[in-house]
Amino acid sequence: MNLNVLCNRLGVEIEPQLLELALTHRSYSYEHGNLPSNERLEFLGDSVLGFVVTAHIYETLTDLSEADLSTVKHAVVSARALASLATEIGLGNYLRLGKSAEKDGGRTTMNLLADAFEAVLGAIYISNGIDEAAEFVARWVFPLLSDVEGLLRNADPKAQLHKMFQAAGIDQPPYEIERQGPDHAIEFSATLTYEGKLIGKGTGRSKKLAETEAAISALANTELTLPKRKKAK
């Protein structure tokens with residue numbers, strides 16, 4: 001595994017041990033005596049990514065509402081978006097996978113690639129600091145913001161979730177809304193429950209924002225599985 005080639009592709013130098021760790025999936029860790037995996041770096045990278053993207057769209061997309069900003073952010077930091085960037089970089093070729101993950105096609109698995117992208121960003125932050133990490137995000141992630149109207153049109157989390165249930169032939173559960181706090185500082189919370197289980201929750205200063213956050217939470221819920229719609233005979 002030639003990490004120098006990968007660093008050139010990433011456009012940034014990363015401490016070799018940290019980069020190797022960022023590429024180590026838990027399946028490899030488990031099969032090699034519980035070596036450290038990339039999960040902690042992924043956690044860090046997720047936070048760095050969220051901060052850098054949030055600050056950027058706050059400063060540049062000044063005409064958007066809070067709800068629309070949340071939708072745009074979700075679109076560019078989603079597993080689907082990050083996996084596409086990881087594929088463009090070629091991260092899948094460098095992953096350290098266990099036999100089971102390798103057999104299951106882990107090098108092209110969306111969530112695994114997205115996690116690796118975030119872990120690499122975490123490694124960049126530790127190696128070089130927030131400025132270098134922000135430059136990496138600007139180089140790879142910000143181009144996804146070139147068509148904000150398109151992102152809003154195609155990445156509405158509430159519409160996406162509704163389509164998911166519709167495709168399964170199931171009525172989407174309603175958003176359960178609660179209002180908290182005094183009139184000058186009202187906060188709404190929204191929850192979604194399916195088959196007796198909480199599948200999504202969100203909070204916001206408006207019902208719309210709380211519902212949007214709940215839909216985002218539900219879409220990111222890896223435990224949510226809907227039956228495939230049976231074809232009519």
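For reference, positions follow the sequence shown, starting with 1. This is a predicted model, so every value here is computed, not measured.
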Taking [Y]'s backbone N and O only, do any of them form a donor-acceptor pair with [X]'s side chain (distance below 3.5 Å, no angle check)?
{"X": "Arg139", "Y": "Leu10", "answer": "yes"}
{"X": "Thr54", "Y": "Phe51", "answer": "no"}
{"X": "Ser29", "Y": "His25", "answer": "no"}
{"X": "Ser127", "Y": "Ala123", "answer": "yes"}
{"X": "Thr193", "Y": "Gly196", "answer": "no"}
{"X": "Thr109", "Y": "Gly105", "answer": "yes"}
{"X": "Asn38", "Y": "Leu41", "answer": "no"}
{"X": "Arg107", "Y": "Leu95", "answer": "yes"}
{"X": "Thr212", "Y": "Lys208", "answer": "yes"}
{"X": "Gln172", "Y": "His162", "answer": "yes"}

Following the transitive rule for hydrophobic clusters with a side-chain heavy-atom cut-off under 4.5 Å over Ile, Leu, Val, Met, Phe, Trp and Tyr, establish whether [X] and [Y] coincide in one cluster.
{"X": "Tyr30", "Y": "Leu21", "value": "no"}
{"X": "Val53", "Y": "Val72", "value": "yes"}
{"X": "Leu61", "Y": "Val141", "value": "yes"}
{"X": "Leu226", "Y": "Tyr175", "value": "yes"}
{"X": "Leu198", "Y": "Met164", "value": "no"}

Gap between atom [atom2] of [Y] and atom [atom1] of [X] - 0.5 Å precision:
{"X": "His74", "Y": "Ser217", "atom1": "NE2", "atom2": "OG", "result": "10.5 Å"}
{"X": "Asn93", "Y": "Thr87", "atom1": "CG", "atom2": "OG1", "result": "9.5 Å"}
{"X": "Leu3", "Y": "Ile14", "atom1": "CG", "atom2": "CD1", "result": "9.0 Å"}
{"X": "Phe117", "Y": "Leu91", "atom1": "CZ", "atom2": "CG", "result": "8.0 Å"}
{"X": "Gln160", "Y": "Thr71", "atom1": "CD", "atom2": "OG1", "result": "9.5 Å"}
{"X": "Ile57", "Y": "Ser70", "atom1": "CD1", "atom2": "OG", "result": "8.0 Å"}

query: Please walk me through it: do Leu112 and Leu97 pass side chain to side chain contact (heavy atoms under 4.5 Å, CB included)?
result: CA-CA 10 Å; Leu112 194 152; Leu97 301 177; 4.0 Å; yes

Do [X] and [Y] have side chains that approach each other closer than 4.5 Å (heavy atoms only, starting at C-beta)?
{"X": "Leu23", "Y": "Leu6", "answer": "yes"}
{"X": "Glu88", "Y": "Arg9", "answer": "yes"}
{"X": "Arg179", "Y": "Ile186", "answer": "yes"}
{"X": "Glu135", "Y": "Val12", "answer": "no"}

For residues [X] and [Y], report the shortest heavy-atom separation together with the two atoms involved.
{"X": "Val76", "Y": "Ala81", "value": "O-CB, 3.8 Å"}
{"X": "Ala86", "Y": "Leu113", "value": "CB-O, 3.6 Å"}
{"X": "Phe165", "Y": "Asp171", "value": "CD2-O, 4.1 Å"}
{"X": "Leu209", "Y": "Gly204", "value": "CD2-CA, 3.8 Å"}
{"X": "Leu144", "Y": "Leu85", "value": "CD1-CD1, 4.0 Å"}
{"X": "Leu219", "Y": "Pro157", "value": "CD1-O, 3.6 Å"}

- request: State which residues pass side-chain contact (heavy atoms from CB on, under 4.5 Å) with Glu118; sequence neighbours excluded, sorted by chain then number.
  value: Glu42, Asp46, Leu49, Leu82, Asp115

task: Check side-chain contact (heavy atoms from CB on, under 4.5 Å) between Ser100 and all other residues, then give those that pass, not counting sequence neighbours.
output: Ser27, Glu31

query: Step by step, would you call Leu192 with Leu161 a side chain to side chain contact (heavy atoms under 4.5 Å, CB included)?
result: CA-CA 11 Å; Leu192 283 166; Leu161 187 64; 3.5 Å; yes

message: In terms of relative ring orientation, are Phe142 and His56 parallel, tilted or perpendicular, with 30° and 60° separating the classes?
response: parallel

task: With sequence neighbours excluded, tell me which residues meet salt bridge (Lys or Arg N to Asp or Glu O under 4.0 Å) with Glu211.
output: Lys158

task: Report the residues that fulfil side chain to side chain donor-acceptor pair (under 3.5 Å) with Thr60, sequence neighbours left out, ordered by chain and then residue number.
output: none

field: Listed partners of Ser189 passing side chain to side chain donor-acceptor pair (under 3.5 Å), at least two apart
entry: none

field: Test of ring centre spacing under 6.0 Å for Phe136 and Tyr125
entry: no

- request: Under the ring pair (Phe, Tyr, Trp, His ring centres under 6.0 Å) rule, collect the residues that match up with His32, sequence neighbours excluded.
  value: Tyr28

